[in-house]
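Numbers for residues simply follow the sequence, beginning at 1.
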Amino acid sequence: MERVAPLFTDNIKVHFAGAETQNQFAATKAMGVKYHLYSAYPFIERKIFEKHKSPIMCIYDWQKKNPYMIPQFIIQNSKRCIQDSGLYTLMFGSQKGKKDENLMDKWYSQLVEFTLEYAKDAIAVEVDCQKVLGTKKAWEYRKKMRDDIPNRIINVFHSEDGQKGLEELIEFSNYLAISVPELRIAKQKTYKEDVYRLASYIKNKKPSIDIHLLGCTELEMLKTNKFCNSSDSTTYIASKRYGFMQSKWHISTIKFDEVKKLVGEDIYNEVLQFNSPKNTSMLLLTIYDLLNKYRQYAGNQD
């Protein structure tokens with residue numbers, strides 16, 4: 001039987017994703033971020049494929065000796081931590097191509113084994129394979145996972161499930177995710193309203209259920225859907241990736257000394273060990289800005 005962890009009861013908690021990349025995690029940890037999401041993808045990939053394409057960023061010697069210990073480090077330094085299955089990357093990312101049932105069975109088995117050994121205290125996202133193997137196979141994994149791991153599990157609703165599948169998921173699950181990027185692509189003009197209507201429908205049907213908004217940190221959506229329980233996003237690394245903060249200020253305009261004063265010298269120097277001065281400044285400034293905005297629009301992030 002699935003273990004039910006304490007609920008997020010007061011407001012939506014934003015999980016900083018991409019925590020498996022440890023130089024990024026060093027910055028969120030130093031800034032006091034309490035909620036994280038990491039992908040199991042790079043760890044499971046190494047167990048299945050001879051040639052792995054997803055690098056693992058190690059920043060400590062013990063991580064280099066055993067990178068599989070990284071999730072436990074993230075979990076121990078988070079108030080709540082979500083483990084993504086890595087399935088989206090498997091299906092559509094660096095190893096994209098035909099994904100048959102045999103490969104998916106291997107992925108499921110290795111994910112369960114990995115979770116039991118290294119991530120018992122994470123909230124685990126299910127193997128939501130609806131888009132490649134259909135809903136029947138997704139239900140097979142869904143039911144097995146509840147028996148195979150002790151973790152709290154996030155089940156995921158996709159368009160392939162349809163209304164009947166949604167009703168079944170609401171009845172079955174105590175933590176259900178809505179894929180915001182999927183709705184954004186399918187209904188560019190109305191996706192915000194669609195997310196709200198869907199989340200409201202789920203919550204009204206089953207008030208005790210927790211709802212996760214996958215890939216969502218649009219501020220107004222967080223405010224509108226504050227009755228949901230969690231969300232995740234990699235927004236905080238966009239500035240490092242693209243060189244702009246809020247699409248306005250280029251990294252070259254950031255005054256490093258001012259960032260150091262803002263966050264404190266100890267925090268700045270801690271993160272500087274694992275990042276360039278530019279990336280350190282941009283990461284810390286972005287995290288500082290986003291945390292304040294998440295508190296304003298979504299509520300406390302304690």
*Does anything in residues 123-142 pair up under side chain to side chain donor-acceptor pair (under 3.5 Å), and if so which pairs, sequence neighbours excluded?*
Glu101-Lys137, Asp105-Lys137, Asp105-Tyr141, Glu126-Arg142, Glu126-Asn155, Asp128-His158, Gln130-Asp161, Lys131-Glu160, Lys131-Glu182, Lys137-Glu140
_Quick check on Gln76: does its CD atom have over 12 non-hydrogen neighbours (other residues, nucleotides or ligands) under 6.0 Å away?_
yes
*Taking only Lys NZ, Arg NE, NH1 and NH2, and the carboxylate oxygens of Asp or Glu, determine whether Lys261 and Glu258 approach each other closer than 4.0 Å.*
yes
_Within 6.0 Å of OH in Tyr191, more than 12 heavy atoms from elsewhere_ = yes
*Summary of side chain to side chain donor-acceptor pair (under 3.5 Å) pairs that have at least one residue in residues 56-68, sequence neighbours excluded*: Gln22-Gln63
*Are there more than 12 heavy atoms of other residues, nucleotides or ligands under 6.0 Å from atom CZ of Phe256?*
yes
*What pairs with Ser39 under side-chain hydrogen bond (donor to acceptor under 3.5 Å, both in side chains), at least two apart in sequence or on another chain?*
none
_Non-hydrogen side-chain atoms of Ile170 and Tyr201 separated by less than 4.5 Å_ = yes
*asked:* Can you confirm whether or not the ring centre of Tyr118 sits under 6.0 Å from the ring centre of Phe43?
replied: no
*May I ask you to check whether Trp107 and Phe114 place their ring centers less than 6.0 Å from one another?*
no
*Give a yes or no on whether Gln273 atom CD has more than 12 heavy-atom contacts from other residues, nucleotides or ligands under 6.0 Å away.*
yes
*asked:* Thr224: which residues meet the side-chain hydrogen bond (donor to acceptor under 3.5 Å, both in side chains) condition with it, sequence neighbours left out?
replied: none
Could you list the donor-acceptor pairs under 3.5 angstrom formed by side chains in residues 263-270, with sequence neighbours left out?
| unit_1 | atom_1 | unit_2 | atom_2 | d |
| --- | --- | --- | --- | --- |
| Tyr268 | OH | Ser281 | OG | 2.8 |
| Asn269 | ND2 | Glu265 | O | 3.3 |

*Side-chain donor-acceptor pair under 3.5 Å between Asn77 and His36, yes or no?*
no
*What pairs of residues pass the salt bridge (Lys or Arg N to Asp or Glu O under 4.0 Å) test when at least one of them lies in residues 188-202, not counting sequence neighbours?*
Lys192-Glu218, Asp194-Arg197
